[in-house]
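One structure is given here, and the rest of the page talks about it.
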Amino acid sequence: MKLKFEITPDLVAAMAAEVAAGERAVTAAMREAGTGLKTAWRLQITGAGLGTRLANSIRSQTFPRSGESLDAAVLVWSKAPVIVGAHDTGPLIRSRDGFWLAIPLPAAGRGRRGAKLTPGEWERRRGLRLRFVYRRRGPSLLVADGRLNTKGLGVASRSKTGRGRTTVPIFLLVPQVKLPKRLNLDRDAERALDSVPGLIVANWVETRL
């Protein structure tokens, strides 16, 4: 008995078509998984009350950037990794110089684009000097001798007689702050990873239909 095996042009074409279908399926699956993870992270951030601006810092990119590949991959990242990472891990924050962290109180107001002011910036903006007040119980304070305006902000007193002048707490001074953990990015990343095999199969089957 003799067996004869030949690779016909049709078989070669069928194998090439199957490889191409696999490349499309893997690439589409990675793109879907990346888009899903990006959306999930953005929803987490807005759901935690951190705002759409920070949520929109989450981006995704599929590789290769053009064409399809069996080795396709996706990268999901944040353009503000320090801020997002801090809310994801809930770190203990200490002053760099080992002294105090200055936490702005409502009377401090805000800087440009709603940014929090440092004590030095506050003094330059208000034209007032801050004074240290030590408290044995509770956080110490940086206060200003001025007045509260109609918006509840500490400003210089206009009275020449001192009428209406008061001591306004501007900053709380604490040795450290524990940032609460408000995000769980690993949870969504694991879900996206687990979804990849099913997405590959679904996209592969779809190309056959």
Side-chain angles (χ1 to χ4, degrees), residues 24-66 68-69 71-96 100-122 125 139 142 148-154 169-203 206:
R24 289 193 295 271
V26 172
T27 303
M30 298 308 297
R31 184 179 296 111
E32 289 179 36
T35 300
L37 180 56
K38 178 179 69 175
T39 301
W41 280 2
R42 286 183 172 183
L43 287 174
Q44 265 206 66
I45 292 171
T46 54
L50 300 174
T52 56
R53 185 176 180 182
L54 186 61
N56 289 337
S57 75
I58 304 298
R59 306 295 174 86
S60 66
Q61 176 63 57
T62 305
F63 299 93
R65 292 178 181 270
S66 61
E68 290 90 21
S69 172
D71 296 322
V74 66
L75 174 65
V76 182
W77 78 99
S78 171
K79 297 185 72 176
V82 175
I83 299 174
V84 172
H87 289 294
D88 185 44
T89 59
L92 185 67
I93 302 174
R94 294 185 176 92
S95 172
R96 292 181 180 178
W100 302 94
L101 290 173
I103 311 300
L105 294 169
R110 293 276 183 166
R112 294 180 179 178
R113 298 180 180 179
K116 293 183 179 180
L117 294 171
T118 65
E121 290 171 333
W122 189 91
R125 283 175 173 270
L142 287 178
L148 286 174
N149 65 10
T150 56
K151 296 181 179 180
L153 303 179
I170 305 297
F171 291 91
L172 284 178
L173 297 177
V174 295
Q176 61 188 28
V177 172
K178 174 66 174 176
L179 192 67
K181 179 177 170 62
R182 304 172 73 177
L183 303 174
N184 188 348
L185 302 184
D186 284 345
R187 179 193 63 201
D188 289 337
E190 290 173 1
R191 288 175 180 173
L193 183 61
D194 292 342
S195 73
V196 170
L199 290 173
I200 293 175
V201 172
N203 281 283
E206 185 177 330

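It should be emphasised that the depicted structure is a prediction, and the values quoted were computed from it without experimental measurement.
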### Task
For the pair Leu153 and Leu148, evaluate side chain to side chain contact (heavy atoms under 4.5 Å, CB included) and give the outcome as yes or no after the intermediate values.
CA-CA 5 Å; Leu153 303 179; Leu148 286 174; 5.9 Å; no

#### Entry: salt bridge (charged side-chain N to carboxylate O under 4.0 Å, His left out) contacts in which one or both residues fall within residues 175-186, not counting sequence neighbours
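As it turns out, the salt bridge (charged side-chain N to carboxylate O under 4.0 Å, His left out) pairs with a partner in residues 175-186, which skip direct neighbours, are Asp88-Lys181.
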
Interatomic spacing from [atom1] in [X] to [atom2] in [Y] - rounded to 0.5 Å:
X: Leu173; Y: Leu101; atom1: CG; atom2: CG; result: 9.0 Å
X: Ile83; Y: Ile45; atom1: CD1; atom2: CD1; result: 10.0 Å
X: Ile93; Y: Leu179; atom1: CD1; atom2: CG; result: 5.0 Å

[X]: partners by side chain to side chain donor-acceptor pair (under 3.5 Å), with sequence neighbours left out:
X: Glu121; value: Thr118
X: Glu68; value: none
X: Thr62; value: none
X: Arg65; value: Gln61

By side chain to side chain contact (heavy atoms under 4.5 Å, CB included) - contacts of [X] (at least two apart):
X: Pro104; value: Ala108, Lys116, Phe171
X: Val196; value: Met30, Ala33, Ile200
X: Ala192; value: Leu37
X: Leu193; value: none

Output a table of donor-acceptor pairs, distance under 3.5 Å, between side-chain atoms of residues 71-81 and any protein atom two or more places apart or on a different chain; print 'none' if there are none.
residue, atom, partner, partner atom, Å
Ser78, OG, Ser57, OG, 3.0
Ser78, OG, Ala80, N, 2.9
Ser78, OG, Ala80, O, 3.4

### Message
I want to check something: taking the side chain as every heavy atom from C-beta on, are Val177 and Leu92 in contact at a cut-off of under 4.5 Å?
### Response
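No, too far: nothing below the 4.5 Å cut-off.
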
### Message
Going by side-chain hydrogen bond (donor to acceptor under 3.5 Å, both in side chains), name the pairs with one or both residues in residues 36-56, residues two or more places apart or in two chains.
### Response
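The answer is Gln44-Asp188.
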
